[in-house]
Amino acid sequence: MSTHEQTVVRLEEYRPSAYCIDTVDLDVCLHPTSTYVKAVLSIRRAQGTPAGTPLTLDGDGLQLERLQLDGHDLSEDDFSATPSALSLLHPPFEPFRLEIETRINPDANSTLMGLYRSSGTYCTQCEAEGFRRITYFLDRPDVLTVYTTRIEAELEEASVLLGNGNLKESGLLPGTGRHFAVWHDPHPKPAYLFALVAGNLACVKDSFTTASGRNVELGIYVEPGKEDMCAWAMDSLKRSMTWDEQTFGLEYDLDVFNIVAVSDFNMGAMENKGLNIFNDKYVLADPETATDQDYAHVEAVIAHEYFHNWTGNRITCRDWFQLCLKEGLTVFRDQEFSSDMRSRPVKRIADVRLLKSHQFPEDAGPLAHPVRPRAYREINNFYTATVYEKGAEVVRMLKTLLGETDFRKGMDLYIRRHDGDAATIEQFLDCFAEVSGRDLTQFSLWYDQSGTPRVEVNLVHDAENGTASLTLTQSLAPTPGQDSKQPMLIPVRFGFLGNNGEDLDLSPRETHQASGDVLLLSQRSQTFTFDGVSNRPVLSLLRGFSAPVNLSASQSPADLLFQLRHDSDPFNRWQAAQDLATRELMRLYAGLRQDQATAVDTALVTAFGEVLCNTALDPAFRAQVLNLPGEADLAREIGKDLEPVAILTARRMLRSAIGRAHAEVFAAEAEALGRRSFTPSAADAGERALKGLCLGYLAVSDRDDREEIVTRHAREADNMTDRLAALTVLVHEQMAGAPDALASFERRHGGHALAMDKWFTVQATNPADTALTQIDALTRHPAFDWSNPNRVRALIGAFSTGNQSQFTRADGAGFVFLRDVVERLDQRNPQLAARLVSAFRSWQALEPVRAGLAEGVLTRIAGSAILSTDTRDIVERCLA
Ligand code: TRP
Ligand code: ZN
């Protein structure tokens, strides 16, 4: 096997930069294939840098046209320039001015990093290391610079010119057909937050007055004709601005805040200072083309990027190992925002579902890494569920441990102390340690140890003495690069339910091992003793999912049913239903694997019926409870020797038993729910969620009119949520009405790319045997486009991550299909290819035949002569 040398970057090798760049004046003359960039840098030695220390600026695929130092050309012995570096071999002792001219080709840039064009609009993406594709620079987050950007373009081609900060000047260049704008950003920032946009865009304007009375002009820029789809994003932005003032006392700090929606984007959105650039799917929304989920995502992503202005921009990261410092914290903040805008319990359930279905598998496989990694070969591959979602859980645990007041004090101190800094996780934690007087040393292991801890539970009730002793035991399996693990500090929120379901007021004898209703599990094994417990109580553990751990199920089915009916913690009511269903599904799965007929447990079916009919419960919450654990959740629970078709079948058996038992109620509810005309409110969305769920169960019931009902819903829907829910049921249950409904959807939405993405996804996630042939044909559909990441993810990504039984087909065709796609996309867009290939990450858990096929495909990709560092990094870690 050939070995491919790749540089590994290590946390322990961090050194401060030897040089600072105080200001940069950029002059960018835009042209589709030949854009001229002149950068004037004011550079000085950092304190303590010895005289004569060479200076190396980063570059990526750059061509140097001209270089001057303090107005003079440099001799050949004084510098060296390659596409990836510009070195000054003898830099002056005193501060100096470096003028660098480069020429770049936006149209040839298919990676979507650096300067590129999306539907004709010039835009940039500089995180993590894209700025070096524009000009030579110290492209590292701890070099903070004040930027002035002059943009010049053909007026015909780009009537709107946007940059970071405030607009200083703009106008027409006489007699040229060209115009220009000068933007100045007074806040020193790292290069990854630089952005510019130029194009013929329409603008939706609004304004916001901050708490201290500053007026901020808000603008959302979109393709002309899409102005009507910006109202929800604008509303979300204003609510985010108010929320951050009220919740954290954080105000916006520039005169303008602009958002631009582009259709070609590798990720969700980007928090460039004063000029956020968005994947258009997280800006555009109207009832006709966006689902309730889309509305919720737009709200969350707008908030997320806005919140980065403080947690990310004003305080940035010292190095990329600290990525979770901004991402984990900002995800936590956007989750809290959405919880305040919507139902807190439902939001928590949705977040935990995402965590368990994406982050837990990552942490259990070959791609596992700590929230703060120690080494990387390609930083783009570390924008992961672990850094984002588990990173947010760690901040949430900090809040749980410290309580509301001290948490806020810690945040205030962090902002006050580190405003303008490029900070570290240690500095962040120090603020919370200081305000609370706590030692957070053990807690900080959450940033360093990868893998999901397991917590075993053992409760012994002694009726004679009236005591209950609860023993919790934690363990953490070895993960890549980490053989031995330390016990963590795990906050376990708890409650006990009495005979009538009421909360018992119990606290452990070991008072220092608890804080309020939170047990502090810090040793490998710990026993908590509760007095005054005469009757056997029912335990409610890990309320609100107070820590990202796997709790070893210890409850009897009767206790779980009791919790489902009575627990005052809504999260644990949901969790009880999930646990009951998981156990039942695993039993059915085991039966299928052994060719034994197994009947579905009626107690579970009855309990689900009770929840369905319990109108005291919020419809959104009922929908979450009735939504069975997904195939990925079951795969995670089973853990090894997986046969994905049996998982699919087990799920279908249980769904069908529930559907048949309560067919009348499902039919009635499907008619009664969500009849008001569309508003995106959480309450209305909840009704539509429950309605969609009812249709799904109805479809697998034995009612004769089930096809007719679902078909009618697909036809009569007056919003995307309802239409897509019905279409999904028709297609995934292979109902007779499916082809017509697909055709009618296509007629209706053929011209709208984001709506067509849903049409691609429905077919990509169809568990039928014919799916792969269909998907292959869809890659040739006129609405499909290999160069657009949203299209590729909607069809290919949805297949490989959302259609487990077909992706892992026993004939290997699913794996081979993904391999072909990855090889096709790898040179064009390495980030996208690397993300797609990550779908292989759980291959070792498959039964031997499928695992062997996956390994063979991965090995073949790894053997490719030309492969991006992005894809190679993922593939080699998967095989390691
Ligand atoms: N910082 C962005 C966010 O959290 C993430 C991001 C957007 C990104 N585009 C990227 C990361 C490109 C890497 C590459 O919202
Ligand atoms: Zn972010």
Side-chain angles (χ1 to χ4, degrees), residues 60 109-116 118 123-134 139-141 164 189-195 197 233 236-237 240 244 259-283 297-317 320-338 371 373 376 378-392 395 789-790 793 829-835 838 868-871 873-874:
D60 184 355
N109 182 358
S110 58
T111 65
L112 313 187
M113 293 295 286
L115 176 70
Y116 64 98
S118 172
C123 62
T124 56
Q125 171 57 40
C126 292
E127 187 176 7
E129 297 176 335
F131 191 69
R132 61 183 68 180
R133 298 170 57 86
I134 298 172
D139 192 3
R140 44 186 288 169
N164 304 106
K189 66 167 174 289
Y192 82 86
L193 290 173
F194 169 82
V197 169
S236 302
L237 174 60
S240 305
D244 217 12
I259 288 175
V260 180
V262 300
S263 49
D264 302 275
F265 204 71
N266 274 342
M267 306 267 286
M270 181 63 212
E271 69 265 24
N272 318 299
K273 184 79 188 188
L275 179 56
N276 289 0
I277 300 182
F278 273 63
N279 184 327
D280 58 359
K281 76 183 273 201
Y282 296 119
V283 173
H297 287 149
V298 168
E299 181 180 81
V301 180
I302 293 266
H304 179 96
E305 305 311 330
Y306 174 73
F307 296 158
H308 267 316
N309 190 54
W310 279 97
T311 51
N313 301 3
R314 290 286 290 248
I315 305 178
T316 191
C317 304
W320 291 120
F321 297 102
Q322 321 293 328
L323 183 57
C324 63
L325 177 71
K326 73 177 178 83
E327 295 306 345
L329 177 55
T330 305
V331 170
F332 168 78
R333 277 152 52 69
D334 83 56
Q335 290 175 345
E336 286 298 290
F337 167 73
S338 295
V371 170
Y376 61 77
E378 174 52 67
I379 186 57
N380 286 327
N381 288 339
F382 283 84
Y383 288 78
T384 59
T386 297
V387 169
Y388 277 66
E389 264 66 49
K390 189 177 179 182
V395 176
N790 286 353
R793 282 187 289 251
N829 187 338
Q831 261 184 63
L832 179 61
R835 270 194 192 258
S838 308
S868 64
T869 53
D870 303 61
T871 300
D873 172 44
I874 298 284

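Both ligands and their constituent atoms are indexed starting at 1 by order of listing. Hydrogens, waters and symmetry mates play no part in the numbers below; they use all other heavy atoms, side chains included.
Contacts of Lys326 with ligand 1, taken as heavy-atom pairs under 4.0 Å, involve the side chain alone.
Arg133 has a carboxylate O that lies under 4.0 Å from a charged side-chain N of Asp60, or vice versa, which qualifies the two as a salt bridge.
Side chains of Tyr282 and Met267 form no contact here, defined as non-hydrogen atoms less than 4.5 Å apart.
Just one of Asn790, Asp264, Asn266 meets the side-chain hydrogen bond (donor to acceptor under 3.5 Å, both in side chains) condition when paired with Asn279; it is Asn790. Remark: of the listed residues Glu327, Arg314, Arg333, Glu327 is the sole one forming a side-chain hydrogen bond (donor to acceptor under 3.5 Å, both in side chains) with His308.
Among protein heavy atoms, the minimum distance from atom 7 (C) of ligand 1 is reached at Ala269 O, 3.0 Å. When only non-hydrogen protein atoms are considered, atom 14 (C) of ligand 1 lies nearest to Glu127 O, 3.1 Å. When only non-hydrogen protein atoms are considered, atom 4 (O) of ligand 1 lies nearest to Tyr388 OH, 2.8 Å. For atom 15 (O) of ligand 1, the closest non-hydrogen atom of the protein is Glu305 OE2, 2.6 Å.
Nearest N/O/S atom of Glu327 relative to the Zn ion (ligand 2): this is OE1.
Distances below 4.0 Å separate heavy atoms of His308 from the following atoms of ligand 1: 4 (O). Close approach of ligand 1 to Gln125 is summarised as follows: ligand atoms under 4.0 Å from at least one heavy atom of the residue are 9 (N), 10 (C), 12 (C). Every atom of ligand 1 with a heavy atom of Met270 under 4.0 Å away is listed here by number and element: 1 (N), 2 (C), 7 (C).
Among all heavy-atom pairs drawn from Gln322 and Cys317, the shortest one is O-SG, 3.4 Å.
Residue-to-ligand polar distances place Glu271 within reach of ligand 1: an N/O pair is separated by less than 3.5 Å.
Using bins of under 30°, 30° to 60° and over 60° for the plane-to-plane angle, the ring pair Tyr383/Tyr388 lands in the tilted bin.
Checked against ring-ring contact (aromatic ring centres under 6.0 Å, His included), Tyr376 has the following partners two or more places apart in sequence or in another chain: Phe321.
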